[in-house]
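The block underneath contains the structure these notes are about, expressed in structure tokens.
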Amino acid sequence: MGGSASLIPRDLLGRVPGADVPEQAGDLAANPFQHRICHVFSTSETGDDSMSFEDFLDMLSVFSDSATSDIKSHYAFRIFDFDEDGILDRKDLEQLVNCLTGQGEESRLSSAEMEQLIQNILEESDIDKDGTINLSEFQHVVSRSPDFASSFKIVL
């Protein structure tokens, strides 16, 4: 691993291509959400997920031990909101589960298993019973998980 010392701007704008960031950021290379993380923290106006040094520092700050659970849960929600519509719907939850279980045929859940898991998630999390999870509902669920804040981190 290169570590943060090798995070050197690759172009005149001082940005590192999004695809190159995980290899520079320790644990991020093994994170199944690495591309979503880079996307959420990138301030690139071109949508290429490239990151400035400031973007990288913001990311490390959120994933640090000193970040509050509220900040961590806010960014976790954004990372899991694949279509960026402000809610976690069935499609987002399916993508989230697929990232966690892997994309291979042997690890992919059957349609019935996926449906049951999503139904269980919604039963636990969807307080207003609208079929989606909003940020407030997500933060409520996360607040009941004592390990969330300590596990939502990146080690360089």
Point to revise | Residues, nucleotides or ligands: over 12 heavy atoms within 6.0 Å of Tyr75 OH | key: no
Review point. Can you check side chain to side chain contact (heavy atoms under 4.5 Å, CB included) on Ser69 and Val142, steps first, answer last?
Key: CA-CA 8 Å; Ser69 187; Val142 166; 4.2 Å; yes
Review point. Are any non-hydrogen side-chain atoms of Leu93 and Ile133 less than 4.5 angstrom apart?
Key: yes
Practice item. Quick one: list whatever passes side chain to side chain contact (heavy atoms under 4.5 Å, CB included) with Leu57, sequence neighbours left out. Key: Phe53
Check your understanding: Got a donor-acceptor contact below 3.5 angstrom from the Lys72 side chain to the Phe152 backbone?
Key -> yes
Review point. Do we see a donor-acceptor contact under 3.5 Å between the side chains of Ser145 and Asp147?
Key: no
Practice item. May I ask you to check whether over 12 heavy atoms, not counting those of Glu123, lie within 6.0 Å of atom CD? Key: yes
Practice item. Start with the C-alpha gap between Gln95 and Arg90, add the side-chain angles, then the distance that decides, and say whether side chain to side chain donor-acceptor pair (under 3.5 Å) holds. Key: CA-CA 9 Å; Gln95 284 184 269; Arg90 288 179 172 275; over 6 Å; no
Review point. Mind checking what makes side-chain hydrogen bond (donor to acceptor under 3.5 Å, both in side chains) contact with Glu84, not counting sequence neighbours?
Key: Arg36, His39
Exercise for review: Find the distance between CD (Glu54) and OG (Ser61) and round it off to the nearest 0.5 Å.
Suggested key: 13.0 Å
Review point. Rounded to the nearest 0.5 Å, what separation is found between the CG atom of Asp55 and the CG atom of Leu60?
Key: 11.0 Å
Exercise for review: Check for a donor-acceptor pair, side chain of Ser125 on one end and backbone N or O of Leu122 on the other, with a separation under 3.5 Å.
Suggested key: no
Review point. Shared ILVMFWY cluster between Ile118 and Val141, side chains joined below 4.5 angstrom?
Key: no
Point to revise | Side-chain donor-acceptor pair present, Ser42, Ser44, cut-off under 3.5 Å | key: no
Revision key, fill the gap. The single option from Ile37, Ile154, Ile79 that satisfies side chain to side chain contact (heavy atoms under 4.5 Å, CB included) with Asn31 is Ile37
Revision key, fill the gap. Between the CD1 atom in Ile127 and the CD atom in Glu137, the distance rounded to the nearest 0.5 Å is 5.0 Å
Exercise for review: For the pair Phe138 and Phe80, name the ring-plane relationship: parallel under 30°, tilted 30 to 60°, perpendicular over 60°.
Suggested key: perpendicular
Review point. Does any non-hydrogen side-chain atom of Asp49 lie less than 4.5 Å from one of Phe41?
Key: no
Practice item. With rounding to the nearest 0.5 Å, note down the distance linking OG1 in Thr101 to CE in Met114. Key: 6.0 Å
Exercise for review: Could you pull out all residues at least two apart from Ser143 that satisfy side-chain hydrogen bond (donor to acceptor under 3.5 Å, both in side chains)?
Suggested key: none
Review point. Can you find a heavy atom in the side chain of Met51 that is under 4.5 Å from one in the side chain of Cys38?
Key: yes
Review point. Mind checking whether Asp89 and Asp83 have side chains closer than 4.5 Å, heavy atoms only?
Key: yes
Point to revise | CD/Glu115: more than 12 non-hydrogen atoms of other groups inside 6.0 Å | key: yes
Review point. Does Asn98 reach the side chain of Glu94, with side-chain heavy atoms less than 4.5 Å apart?
Key: yes
Point to revise | Ion pair Glu113/Arg108, N-O distance below 4.0 Å | key: no
Practice item. Verify the cluster assignment for Phe33 and Ile87: are they in a single hydrophobic cluster under the rule of side-chain heavy atoms below 4.5 Å apart? Key: no
**Study point:** Approximate separation, where rounding is to 0.5 Å, of Ile121 CD1 and Leu96 CG
**Key:** 7.0 Å
Exercise for review: Assess the side chains of Thr132 and Asp130: does a donor N or O sit below 3.5 Å from an acceptor N or O?
Suggested key: yes
**Study point:** Candidate pair Arg144 and Glu124, rule salt bridge (Lys or Arg N to Asp or Glu O under 4.0 Å), full reasoning
**Key:** CA-CA 11 Å; Arg144 298 184 333 214; Glu124 276 294 311; 3.1 Å; yes
Check your understanding: Do side-chain atoms of Asp92 reach the backbone of Phe82 as a donor and acceptor pair under 3.5 angstrom?
Key -> yes
